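Note that this is a predicted model, so its numbers are computed, not measured. For this chain, numbers begin at 1 and follow the sequence in order.
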Amino acid sequence: MNRYSLLALCIISGMVLPPLFGAEGVSGSAKTNSLPTSVAKSKLKVAVDGFPSGQDSAEGVAADLMRAFIKNDSALFKAACLPSYASGETKKQYDGFIKMVADDLDLCAKKNTPEPDDMKRIHKLYAARQLSANGPASWGYATYNYHEVMFVDVEVELNNGKMFLNRTLVVKSAKGKWFVLPCPGVDKLISFGLNSESKSTIDFKEVYDISAPQK
């Protein structure tokens with residue numbers, strides 16, 4: 001399975017979810033697509049590829065999800081995603097989905113046969129945004145004690161030169177760590193309005209004080 005198809009699974013996951021979309025498939029409100037005013041920029045370190053990494057920022061964990069597919073790295077994929085989600089049948093579906101994708105990444109790593117529509121590199125990373133609707137953040141806090149529910153648009157270049165835009169739902173845990181919810185449609189309340197948001201326009205570098213790349 002190529003990276004594009006696997007990411008499609010990561011978004012659709014065989015459940016009733018919003019449709020997968022590319023760069024032209026994002027439309028809707030621009031309510032949260034603007035720079036804050038008179039706010040000091042937080043410092044943010046970037047990796048050698050020029051983009052952040054790790055769970056200290058929403059943008060870092062969203063970039064790590066893309067790196068996992070670029071590198072066929074199942075460990076990075078699992079580290080970027082919520083370790084578990086919800087309970088009952090939803091939890092069972094989520095855990096099974098994480099295992100399915102991780103296993104497929106391992107298989108692709110062993111084959112090591114890049115395809116034209118595999119992901120090659122992160123091309124552009126946009127600043128994290130709040131969803132326009134208040135419901136997702138309220139539901140996330142009341143139900144799971146998530147202190148933030150946001151999304152990050154990441155544009156990735158494929159081996160064939162085409163661009164793919166992935167919209168990533170991210171949450172901040174009570175301990176201050178960011179995680180990806182890779183199949184947002186598993187919970188329609190926390191992902192309400194996700195695919196109705198306008199295309200992001202603000203580069204992550206515009207909202208952070210960027211430190212030197214990590215060696």
May I ask you to say whether [X] pairs ionically with [Y], meaning some side-chain N is under 4.0 Å from a carboxylate O?
X	Y	result
K45	D56	no
K124	D203	yes
D103	K99	yes

Side-chain heavy atoms of [X] within contact of [Y], under 4.5 Å:
X	Y	answer
L158	M163	no
C81	I98	yes
F69	V101	yes
F151	L131	yes
Y94	P182	yes
I210	K205	yes
R129	R167	yes
K162	D117	no

When rounded to the nearest 0.5 Å, the distance separating NZ of K78 from CG of D73 is 10.0 Å

Value for CD1 (I70) from CG (D118), rounded to nearest 0.5 Å, stands at 10.5 Å

F192 CZ: over 12 foreign heavy atoms closer than 6.0 Å
no

OH (Y144) with more than 12 external heavy atoms under 6.0 Å:
yes

Partner residues of F179 under the ring-ring contact (aromatic ring centres under 6.0 Å, His included) criterion, sequence neighbours left out:
none

Distance-only, no hydrogens or angles: does the [X] side chain make a donor-acceptor pair with backbone N or O of [Y] under 3.5 Å?
X	Y	value
S57	G60	yes
N159	E115	yes
N145	A174	no
K41	E206	yes

Under the side chain to side chain contact (heavy atoms under 4.5 Å, CB included) criterion, do I190 and L169 qualify, and how do the steps go?
CA-CA 9 Å; I190 204 167; L169 188 67; 4.1 Å; yes

Residues that A127 engages under side-chain contact (heavy atoms from CB on, under 4.5 Å), provided they are two or more places apart:
E59, I202, V207

Consider only side-chain N and O atoms of H123 and E155, and report whether a donor and an acceptor are under 3.5 Å apart.
yes

For [X] and [Y], work out which heavy atoms get closest and say how close.
X	Y	answer
R67	F51	NH2-O, 2.9 Å
D64	L76	O-CD2, 3.6 Å
L65	A80	N-CB, 4.3 Å
R121	V156	O-CG1, 3.2 Å
P52	L125	CD-CD2, 3.5 Å
I122	A63	CD1-O, 3.7 Å

Would you mind telling me which of D95, T90, D187 makes a side chain to side chain donor-acceptor pair (under 3.5 Å) with Y85?
D187

